[in-house]
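Before any comments, here is the structure.
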2 protein chains.
Amino acid sequence: MNDKPDVSEETKKKIQKVIDKLGYNPNGIARGLVLQKTHTIGLIIPDISNPFFPEVAKGVEDRARELNYSVIFCNTDNDKKREKEAIDLMKSKHVDGIILSLSISNKEEIYKLEEKNFDVVQIDRKIPDSNYQAVVIDNTLGAYNATSHLIELGHTDIAHITGDLEIQTSQDRLEGFKRAIGTFDLDYKEKWIVEGDFSKESGYKAMKNLLTLEDRPKAVFIANDLMAIGAYEAIFEMGLEIPQDISVVGYDDIEIASIIKPGLTTMTQPKYKLGQAAADVLISKIDNKRNINDEDIILNPKLIIRDSTRGYEDE
Amino acid sequence: MNDKPDVSEETKKKIQKVIDKLGYNPNGIARGLVLQKTHTIGLIIPDISNPFFPEVAKGVEDRARELNYSVIFCNTDNDKKREKEAIDLMKSKHVDGIILSLSISNKEEIYKLEEKNFDVVQIDRKIPDSNYQAVVIDNTLGAYNATSHLIELGHTDIAHITGDLEIQTSQDRLEGFKRAIGTFDLDYKEKWIVEGDFSKESGYKAMKNLLTLEDRPKAVFIANDLMAIGAYEAIFEMGLEIPQDISVVGYDDIEIASIIKPGLTTMTQPKYKLGQAAADVLISKIDNKRNINDEDIILNPKLIIRDSTRGYEDE
DNA sequence: ATGAAAGCGCTAACAA
DNA sequence: TTGTTAGCGCTTTCAT
């Protein structure tokens, strides 16, 4: 009997001796069978080799371990079929709950889970109309703050290079940009908003585009760092300097942002914290069935100021 | 009964209907209990947020899934205590086998596992004197090839910036360097071998060091890309050009290597393949107890030639 | 071709 | 305080 208060010290010691001698360790799976509890959670993510997720996974695993849970993990490559398989796997392994990030197109699986009353928390992206609690990072706010930084520096001619607009993230960042421009009563020109696709090359092209305009912008907010790197190239190629001729703000804070010259001002995302929070929420749901608070948790990204931005009038 | 040949088609269909209607899914944990088999493997790695491991983890998970296994993962942060806990966890979860990368100082755990006749494969680093099969990448060969590339380009004055020499990897790369120099009958100068610690700053310092020498080298092999980035800075600061004045080869092929100017020639490691191979080996061990081949698997890194190297006489 | 029963290793409930 | 027993959901064996 597991540490019950009514076992004599003496017996405990005796038992412990035998345990050590035989090298016995308890069979968690038999225990799981009778207790209907595996002390395991599932982690379903699109791609562990996308630099966003390892930190998240680490946060999940660290916190889960602290709370006495272990984690089974699955990559889905954003593939609907694999997402379904991953969920079925979690069911058959009888995990106590699941942390997942599904592709938007896969609502059905979420609904099925809801029907079965499974404990789930969504991370990074929330499926619209789903009832499960989500832990996400506020992209709109991030973009708003990035743009505001430029405005506070005195800039008025600000462009934006978006990500692939099919993706919600890009839409959110675009909206944050527009909102900042609006809040400060600047007007933005449609031609200063150029669509990219998150790749370095698309950043290069978009920037080239912007720089050949007659009234070219003096600052640009770019939806991710990789495109910003491409933009750097375009800027240098035109013989311009950062930030003297043009200020640039990226998004993501990838490793290169601090290494490249000039250091890239960018938004950093609380990835580890996201993982921790998700594990916290899920496990408190599991351990304590009443939902104390099932509001979504929205984490704030943070501005990292480096050398790629400066005031318009600083010169 | 699971797909036995002696069940009438009719019955099968009937059963299937009921299954679908009730939304039944089999309880893998009860099955595991009676079969003494969980179809789960453990993955114990130092740090998923170190860019080396996510690819490895992906390789493991992909291959495991193909072979019908799922994976429980643990981060250890190279902490002995956490390594032990992770192993105990795997035992209590009754995984069918473990893929792990332990710190060298933790031999005892490996030995204990051996005693218990557990299926294990080691990745990335092999504990000396352990009997478990390992899947590793040949650092000595990689360094040898990197250096040879420089020699084949016609260089004779070649320096080396090492990593932290407490770490086996650094030793291996140093040895590969020396071996290449020896094979081609060049002689190396001790002062051309400078110790760094894998950080960008140490690369900068070491390079500064090398460049202020009276007889400064015309080429340098650096034990990782991050230090190479630091070295770039030192080189540019001295008003020198890459590769005109000095050729540089790095190691790791981190993302920045292809983005920085000039593109860094470097060694890339088959990380995904490492993960796959480890899963292959482990699961074939599990499924088929006789050890077909328990030799270590040694994977070869590959040279990626970019713009940071050129022949000594090309000018 | 199908049904009944035993048992995997554990915990909870109960009896002594 | 300790010992005994039932049963978690499955597979396997044996009997029908």
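Just so it is clear, the structure is predicted and the values come from calculations on it, not from any experiment. Because only heavy atoms are used, hydrogens play no part in the values below, and waters and symmetry mates are left out as well, while side chains stay in. Here is the naming used below: chain letters follow the sequence lines, and residue numbers restart at 1 for every chain.
- Side-chain atoms of B/T40 and B/K93 form no donor-acceptor pair, as typed in the model, at a separation below 3.5 Å.
- Donor-acceptor pairing under 3.5 Å is recorded for the side chains of B/Q168 and B/D172.
- Between the side chain of A/Q133 and the backbone N or O of A/D296, no donor-acceptor pair lies under 3.5 Å.
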message: Test side chain to side chain contact (heavy atoms under 4.5 Å, CB included) on A/L100 and A/L113; report intermediate values, then the result.
response: CA-CA 12 Å; A/L100 49 67; A/L113 249 13; 4.3 Å; yes
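- Rounded to whole Å, atom C1' of C/dT11 lies 13 Å from atom NE2 of A/H39.
- In this structure, CG of B/N27 is placed 7 Å from P of D/dG9, rounded to the nearest angstrom.
- The rotation axes computed at either terminus of the helix from C/dA1-D/dT16 to C/dA16-D/dT1 lie 50° apart, taking five pairs at each end and rounding to 10 degrees.
- Separating the CG atom of B/N25 from the P atom of D/dG9 is a distance of 13 Å, rounded to the nearest angstrom.
- Here the nucleotide nearest the side chain of A/Q36, chosen from D/dC8, C/dC10, D/dT11, is D/dC8.
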Side-chain donor/acceptor pairs under 3.5 Å, residues 267-275 of chain A, sequence neighbours excluded:
unit_1	atom_1	unit_2	atom_2	d
A/Q269	NE2	A/D252	OD1	3.1
A/Y272	OH	A/D62	OD2	2.5

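- Atom CG of A/L33 and atom P of D/dT11 are 12 Å apart (whole Å).
- In this structure, NZ of B/K91 is placed 15 Å from P of C/dC10, rounded to the nearest angstrom.
- Separating the CD1 atom of A/I29 from the C1' atom of D/dG9 is a distance of 11 Å, rounded to the nearest angstrom.
- Of the listed nucleotides (D/dT11, C/dA12, C/dC10), D/dT11 has the atom at the smallest distance from the side chain of B/R31.
- Applying the ring-ring contact (aromatic ring centres under 6.0 Å, His included) test to A/Y69 and every residue at least two apart in sequence or in another chain returns A/H39.
- With distances taken from any side-chain atom of B/L35 to the nucleotides C/dC10, D/dT11, D/dG9, the minimum falls on D/dT11.
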